[in-house]
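Remarks on the structure that follows.
Here the structure is a predicted model, which means the values were calculated and not measured. In each ligand, atom 1 is the first atom listed, and ligand 1 is the first ligand listed.
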Amino acid sequence: MHELHISATDKTQQYAELLPQLAALLDGEPNLTANLANTASVLKQTFGWLWVGFYLVEENELVLGPFQGPPACTRIAYGRGVCGQAWQQKTTLVVADVHAHPGHIACSPLSQSEIVVPVFDRHGNVFAVLDADAEQTAVFDERDAAGLGQAAALISRLHNC
Ligand code: SME
């Protein structure tokens, strides 16, 4: 039983409290699926976003991995959607209004804003993306890019991918 303790209301502080607890939760567990599932859970519990989870690179597309939230699209082609664009550009994408973003894939009509963070292997290739969606516009900013980037780096490190 792992209980999460987040008392801060400030987002930077929430990440500062969350990241060490996430590291402790993942530490010693070699199974990637288990660790991605717990990461999605911790993020959902802390921030209450509509959807948060992972897509994993499989050949030339992304395939849905562990997540929390409503059912989602299962496959996304390279360069398609915000997820496929983050993979192609090897960079974090913060989208304030998904309806104004070219190529956005609407898995849920409730999603208004989104962030996608690539997860890199040790060769610098993207092997997964961490995606979060919110029901309000402009929910994500550079604090999420930094915090989720650290979560992604933790997963890369632990799995020496
Ligand atoms: N909106 C994403 C698709 C994935 S879902 O939001 C869970 C995209 O444009 O890639």
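In terms of modelled atom types and a separation under 3.5 Å, the side chain of Lys44 and the main chain of Thr39 share no donor-acceptor contact. Under a 3.5 Å cut-off, the side chain of Glu29 and the backbone N or O of Leu25 do not form any donor-acceptor pair. A donor-acceptor contact shorter than 3.5 Å links the side chain of Ser113 to the backbone of Gln136. Here the side chain of Lys90 pairs a donor or acceptor atom with the backbone of Gly124 at under 3.5 angstrom.
The backbone and the side chain of Val82 each have at least one atom closer than 4.0 Å to an atom of ligand 1 (non-hydrogen atoms only). Under 4.0 Å from ligand 1, the heavy atoms of Tyr55 that appear belong solely to its side chain. The part of Asp131 lying near ligand 1 is the side chain, judged by heavy-atom distances below 4.0 Å.
Atoms of ligand 1 lying under 4.0 Å from at least one heavy atom of Trp51, given by number and element, are 7 (C). The distance from ligand 1 to the heavy atoms of Cys83 drops below 4.0 Å at these ligand atoms: 8 (C), 10 (O). Of all atoms in ligand 1, listed by their number and element, those nearer than 4.0 Å to a heavy atom of His104 are 1 (N), 9 (O). Taking every non-hydrogen atom of Glu114 and a distance limit under 4.0 Å, the qualifying atoms of ligand 1 come out as 1 (N), 2 (C), 6 (O), 8 (C).
Polar contact check, Arg80 against ligand 1: no nitrogen or oxygen pair lies under 3.5 Å apart.
The protein heavy-atom contact nearest to atom 5 (S) of ligand 1 is Cys107 SG, 3.2 Å. In this structure, the protein non-hydrogen atom closest to atom 1 (N) of ligand 1 is Ile105 O, 2.7 Å. With hydrogens left out, the protein atom closest to atom 6 (O) of ligand 1 is Asp133 OD2, 3.1 Å, a heavy atom.
Using a 3.5 Å distance cut-off with no hydrogens or angles, the side chains of Glu114 and His101 do not pair a donor with an acceptor.
For the atom pair CZ of Phe67 and CG of Leu130, the computed distance is 14.0 Å after rounding to the nearest 0.5 Å.
Aromatic ring centres of Phe127 and Phe54: separated by at least 6.0 Å.
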The test is side-chain hydrogen bond (donor to acceptor under 3.5 Å, both in side chains); show your working for Thr46 and Gln14 and say whether it passes. CA-CA 8 Å; Thr46 302; Gln14 284 176 318; over 6 Å; no
